[in-house]
Amino acid sequence: MDYKVTKTNFGEKPDFEYPKPIFLEEMGEEGLKKLFSDFYDIVVDSDIGNFFPQDEQELEKVKAHNVKFFIEAAGGPKLYTQTVGHFDMMKTHEQFSITEKARREWLGCMEEVLRKTNISKEAKESFWAFLETFSKHTVNVDERQELEDLVINKEG
Ligand code: HEM
């Protein structure tokens with residue numbers, strides 16, 4: 001399968017579709033827990049590792065918290081809504097400075113774990129499409145603007 005990543009046009013919040021039921025059917029909740037556990041182990045050692053706690057116990061909390069959302073998003077029990085409340089994608093991520101590059105790093109870590117996951121192409125593609133589109137909502141720093149500011153500062 002092709003883990004295609006398309007460019008975020010800064011400020012856009014494209015519509016997205018949640019993963020198809022086949023994704024959770026094939027992964028199971030335990031499978032998703034393992035997927036996200038492996039994912040965060042890769043993330044903490046990546047270029048965006050600085051966003052996440054390095055302490056193992058704290059990271060366990062992040063894993064547990066996050067997977068609740070993804071199980072719910074995949075059509076499973078509404079664990080996140082019931083225990084945490086309404087999920088706001090932009091609010092959750094606004095405290096971090098997320099560039100398009102950071103988004104691609106995040107997706108790259110996900111590609112690494114998904115490649116090792118033994119589910120059908122249809123299930124994987126459906127999950128990837130959800131992540132690839134919805135992750136555009138997290139980009140809150142305009143790289144091009146930053147670059148322009150840098151050039152202006154140098155020239156000035
Ligand atoms: C489809 C893509 C994504 C989804 C659905 C998603 C979802 C979530 C959720 C559910 C949480 C936990 C919220 C809570 O604590 O209640 C979270 C936290 C977080 N996300 Fe994302 N996220 C996505 C992409 C990204 C990207 C691209 C980045 C950065 C490059 C990122 C960085 C973070 C960070 C730093 C946290 C906080 C971790 C902590 O609790 O210390 N996320 N995200």
Side-chain angles (χ1 to χ4, degrees), residues 1-24 27 29-115 117 119 122-147:
M1 102 160 226
D2 179 16
Y3 294 85
K4 194 168 178 249
V5 180
T6 59
K7 190 180 167 299
T8 306
N9 296 311
F10 188 72
E12 69 168 348
K13 303 287 178 269
D15 289 342
F16 62 92
E17 277 175 27
Y18 286 108
K20 290 183 189 164
I22 189 180
F23 174 68
L24 188 59
M27 286 294 298
E29 284 186 36
E30 287 310 310
L32 258 183
K33 281 184 193 160
K34 164 111 180 40
L35 182 89
F36 276 91
S37 180
D38 293 348
F39 170 69
Y40 281 109
D41 288 341
I42 294 176
V43 162
V44 288
D45 288 331
S46 75
D47 287 353
I48 53 169
N50 58 307
F51 286 148
F52 296 86
Q54 300 292 318
D55 177 76
E56 209 154 302
Q57 262 183 328
E58 286 304 310
L59 191 66
E60 284 307 314
K61 280 190 211 160
V62 171
K63 287 177 178 178
H65 210 173
N66 256 44
V67 80
K68 280 186 187 170
F69 170 79
F70 282 93
I71 289 174
E72 183 166 342
K78 300 195 181 311
L79 297 174
Y80 190 91
T81 308
Q82 280 162 5
T83 59
V84 189
H86 173 68
F87 177 66
D88 186 323
M89 184 71 152
M90 276 160 315
K91 246 198 184 147
T92 297
H93 296 94
E94 72 187 0
Q95 55 190 310
F96 312 102
S97 298
I98 303 181
T99 56
E100 171 70 354
K101 189 167 176 278
R103 166 183 170 254
R104 282 170 188 252
E105 183 73 9
W106 191 97
L107 286 169
C109 296
M110 189 52 86
E111 176 182 338
E112 214 176 310
V113 288
L114 277 178
R115 278 190 186 278
T117 309
I119 53 171
E122 186 188 357
K124 248 185 223 189
E125 279 178 347
S126 152
F127 188 52
W128 186 257
F130 160 68
L131 297 175
E132 203 273 323
T133 311
F134 197 21
S135 62
K136 290 182 174 176
H137 295 218
T138 65
V139 178
N140 54 21
V141 172
D142 189 352
E143 261 165 347
R144 271 198 317 194
Q145 189 58 51
E146 281 207 324
L147 214 67

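Given the structure is predicted, the values throughout are model-derived calculations rather than measurements. For ligands, and for the atoms within them, numbers begin at 1 and follow the listed sequence. All values below come from the heavy atoms of this structure, side chains included, with hydrogens, waters and symmetry mates left out.
- The closest side-chain heavy-atom distance from Val141 to Ile98 is not below 4.5 Å.
- The shortest N or O to N or O distance between Thr92 and ligand 1 is not below 3.5 Å.
- Selection from Val139, Val62, Thr99 by nearest heavy atom to atom 39 (C) of ligand 1 gives Val62.
- When the shell of 6.0 Å around CD of Glu17 is examined, it contains 12 or fewer heavy atoms from other residues, nucleotides or ligands.
- In the candidate list Phe87, Tyr80, Phe69, Tyr80 is nearest to atom 14 (C) of ligand 1, counting heavy atoms.
- Ring geometry, Tyr3 versus Trp128: the interplanar angle exceeds 60°, so the pair is classed perpendicular (tilted spans 30 to 60°).
- Neither the backbone nor the side chain of Lys61 has a heavy atom within less than 4.0 Å of ligand 1.
- For a threshold of 3.5 Å applied to N or O pairs, the pair formed by Ser135 and ligand 1 contains no separation below that value.
- Using cut-offs of 30° and 60° on the angle between ring planes, the pair Phe16 and Phe134 is parallel.
- Although no hydrogens or angles enter the test, the distance criterion places a donor-acceptor pair under 3.5 Å between the side chain of Asp88 and the main chain of Lys91.
- No donor-acceptor pair closer than 3.5 Å links the side chain of Gln82 to the backbone N or O of Pro77.
- Residue contacts with ligand 1: Arg103 is placed with no nitrogen or oxygen under 3.5 Å of a nitrogen or oxygen of the ligand (distance criterion only).
- Regarding atom 25 (C) of ligand 1, its nearest protein heavy-atom neighbour is Trp106 NE1, 3.3 Å.
- Annotation for ligand 1: atoms under 4.0 Å from non-hydrogen atoms of Phe52 are 32 (C), 33 (C), 34 (C), 35 (C), 36 (C), 38 (C).
- At a 4.0 Å heavy-atom cut-off, ligand 1 touches Pro53 through the side chain alone.
- Counting heavy atoms closer than 4.0 Å to ligand 1, residue Met89 contributes side-chain atoms (C-beta onward) but none from N, CA, C or O.
- Here the protein heavy atom with the shortest distance to atom 5 (C) of ligand 1 is Phe70 CZ, 3.3 Å.
- Ring geometry, Phe36 versus Tyr40: the interplanar angle falls from 30° to 60°, so the pair is classed tilted.
- Under a 4.0 angstrom heavy-atom cut-off, Phe130 registers as lying outside contact with ligand 1.
- For atom 17 (C) of ligand 1, the nearest non-hydrogen atom from the set Asp47, Ile48, Asn66 belongs to Asn66.
- Interface atoms of ligand 1 facing Ala102, defined by a heavy-atom separation under 4.0 Å, are 30 (C).
- Below 30°, between 30° and 60°, or above 60°: for Phe23 and Phe127 the angle between ring planes is below 30°, a parallel geometry.
- In this structure, Glu105 contributes its side chain and Asp47 its backbone to a donor-acceptor pair below 3.5 Å.
- Ion pairing between a basic and an acidic side chain is recognised when a charged N comes within 4.0 Å of a carboxylate O; Arg104 and Glu100 show such pairing.
- Phe130 and Tyr18 have tilted rings, their planes meeting at an angle from 30° to 60° on a 0 to 90° scale.
- For atom 19 (C) of ligand 1, the choice among Glu105, His93, Lys68, Glu58 with the nearest heavy atom turns out to be His93.
- For atom 29 (C) of ligand 1, the closest non-hydrogen atom on the protein side is Ile98 CD1, 3.6 Å.
- Ligand-side atoms of ligand 1 in range of Phe51: 35 (C), range being under 4.0 angstrom from any heavy atom.
- When only non-hydrogen protein atoms are considered, atom 36 (C) of ligand 1 lies nearest to Phe96 CE1, 3.7 Å.
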